[in-house]
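The structure appears right after this line, and notes come after that.
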Number of protein chains: 2
Amino acid sequence: MARILIIEDEQDLAGLVEYNLRAAGFETDTANTGAGGLARARAHPPDLVLLDLMLPDVAGGEVLRMLKSDPEMKKAAVVIVSAKGQEADRIQGLELGADDYVVKPFSVRELLLRVKAVLRRADAEEGPAAVLAAGDISLDTSRHQVRVKGEEIILTALEFRLLRTLLERSDRVQTREVLLSDVWGIQAEIHTRTVDTHIKRLREKLGPAGDIIETVRGVGYKLSPP
Amino acid sequence: MARILIIEDEQDLAGLVEYNLRAAGFETDTANTGAGGLARARAHPPDLVLLDLMLPDVAGGEVLRMLKSDPEMKKAAVVIVSAKGQEADRIQGLELGADDYVVKPFSVRELLLRVKAVLRRADAEEGPAAVLAAGDISLDTSRHQVRVKGEEIILTALEFRLLRTLLERSDRVQTREVLLSDVWGIQAEIHTRTVDTHIKRLREKLGPAGDIIETVRGVGYKLSPP
DNA sequence: CCGCTCGGGACATCCATGTGACATCCATGC
DNA sequence: GCATGGATGTCACATGGATGTCCCGAGCGG
């Protein structure tokens, strides 16, 4: 899922936003100052930046300019957060290349919708691509299609997410807890056979190619390309 | 590069849009009233008109009608800008011959994408044809006509738009949210059957050929040519 | 007033999913 | 080797959520 950097000096607000973005399945990172935000962005380029224009150190506009001037960070979408009535800021922000803005006070719901919309657009622009592969298996995210040796395999939405998660983390063992959390969105310990059952169904549908999903006894599952 | 006429009464917004269009390499011209816009268009026919439906003098719809009735200005593409929630206006606008619309508040990136897309289509039409096809279905954007095995099918403006969107993104799954956003111009989570209903109507009108609209359970719809 | 289009609520329908019971397998200690 | 307990594989089934379908009311144009 997408990675979002929050640059916001009001701790309460930052916490609230972070909590909700995580609940919606995003990875988040937070900085309380403009300088800190830029450092974070450089260290770990995000897909989207939530930028407050009123920061204690650097002016928000300046941060935006810096972000957009770095070829590495440039591709991140930017959503501006500005205080009520700062029309001038808003205009300036959009001129500088922000993708959208929300005005304080905003509802979490609205923020989520805008973030999702911006990311969706960014996705659409990236064109086709987005094909994961391992062994005889290839998975096309945008088409929502899986092939084994060129032959199409029909998966359910859940099976698809599971396979994608495993492919994205090829060769690394995923515990049942991690899978439950990342594929199912559930945080809990397990006493049921839910994960196993779906792994089984996946192996079944993949046929012989299903062998690349390995069981790591006592730990979890991993997908290991030949 | 293309020439764009902005008819918009909010000065700030007009300025912002103008700035960005110029930055993107377009020639621009601005009018703050409907009458002024028509005068400008007559004096110097644009390739594309960005038309706000809420104008101080003439109704936006009227401006559109005038534009389309003049043989000289007729060839200009029109992108409607309407305030949030003015559903009726959008539909009406499309029926009157607008090529696309954006809903306020919109992001600059979105506006640019739509403007470029519309111009691209307009360009393509100058050539032999602007026909999208898949299986037995062919859709002619310039004639606003759909055929199944050569037989003409009558679609409403909305159905046409829905089908075109699916055709343009053949093979790629579109979630209900994406469709609502791109076909309807609404940003929201869904609890209604709106999208499904229109998909159903589309399938119905397309007859057996309607089968190429696939349901991807848990995700959305996609059109997959044989 | 009639007919068309569209949105969306109220169902009907379908099938993906979660679950617990049971079978099986494997690492471990002897 | 072998017994043993815990971990994993497998299965059938109910249940809820997602989708298909129908229908009505609103808005608009003729």
Looking only at side-chain N and O atoms, does B/T156 offer a donor or acceptor that is under 3.5 Å from a partner on B/R161? no
Is there a side-chain polar atom (N or O) of A/K200 under 4.0 Å from OP1 or OP2 of D/dC11? yes
Atom CD of A/E214 and atom C1' of D/dT8 are separated, to the nearest Å, by 15 Å
From C/dT17, D/dT10, D/dG20, pick the nucleotide closest to the side chain of B/R176? D/dG20
So, B/R147 versus B/S138: side-chain donor-acceptor pair below 3.5 Å or not? no
Please check the phosphate of C/dC6 (OP1 and OP2 only) for any side-chain N or O of B/W184 closer than 4.0 Å. no
Test: B/R176 and B/D196 ion pair at under 4.0 Å: yes
Examine the base of C/dG18 for any acceptor or donor lying under 3.5 Å from a partner atom in the side chain of A/R201, and report the outcome as yes or no. yes
Using a cut-off of strictly less than 4.0 Å, decide whether A/H198 has a side-chain nitrogen or oxygen near OP1 or OP2 of C/dG18. yes
Does the B/K222 side chain pair with the main chain of A/R143, one donor and one acceptor, at a distance under 3.5 Å? yes
What about A/R217, does its side chain sit under 3.5 Å from the base of D/dG9 through a donor-acceptor pair? no
Figure out the NE2/P separation between B/H191 and C/dG7, and round it to whole Å. 18 Å
Among residues 158-175 of chain A, which contact DNA chain D at a heavy-atom distance under 4.0 Å? none
Classify the nucleic acid contact of A/R203 as base, sugar-phosphate or nothing, counting any heavy atom under 4.0 Å across all strands shown. sugar-phosphate
Between A/S142 and A/D140, does any side-chain donor sit less than 3.5 Å from a side-chain acceptor? yes
N/O (side chain, A/T156) to phosphate O (OP1/OP2, C/dA16) under 4.0 Å: no
Any sub-3.5 Å donor-acceptor pair from A/T197's side-chain atoms to A/R193's backbone N or O? yes
For D/dG20 and B/Y221 - does any side-chain N or O of the residue sit under 4.0 Å from the phosphate oxygens OP1/OP2? yes
Kindly say if B/T197 contacts the phosphate of D/dC22, meaning a side-chain N or O under 4.0 Å from OP1 or OP2. no
Heavy atoms only, 4.0 Å cut-off, all strands: where does A/T194 land among base, sugar-phosphate and nothing? base
Nucleotide D/dT10, atom C1' - distance to CD of A/E204 in whole Å: 9 Å
No-H, no-angle donor-acceptor pair, B/R193 side chain to C/dG7 base, under 3.5 Å: no
Look only at the side chain of A/D47 and the backbone of A/R3, and say whether a donor-acceptor pair between them is shorter than 3.5 Å. yes
Any side-chain N or O of A/T215 below 4.0 angstrom from OP1/OP2 of D/dA7? no
Whole Å only: how far is the CG atom of A/L180 from the C1' atom of C/dT17? 13 Å
Side chains of A/T215 and A/R203: donor-acceptor distance under 3.5 Å anywhere? yes
What is the distance, rounded to the nearest whole Å, between atom CG of A/D196 and atom C1' of C/dC22? 14 Å
Between P on D/dG9 and CG on A/D211, what's the gap in Å once rounded to a whole number? 12 Å
Integer-rounded Å distance: D/dG9 P and A/K205 NZ: 18 Å
Separation of atom CD1 in A/I199 from atom P in D/dG9, rounded to whole Å: 8 Å
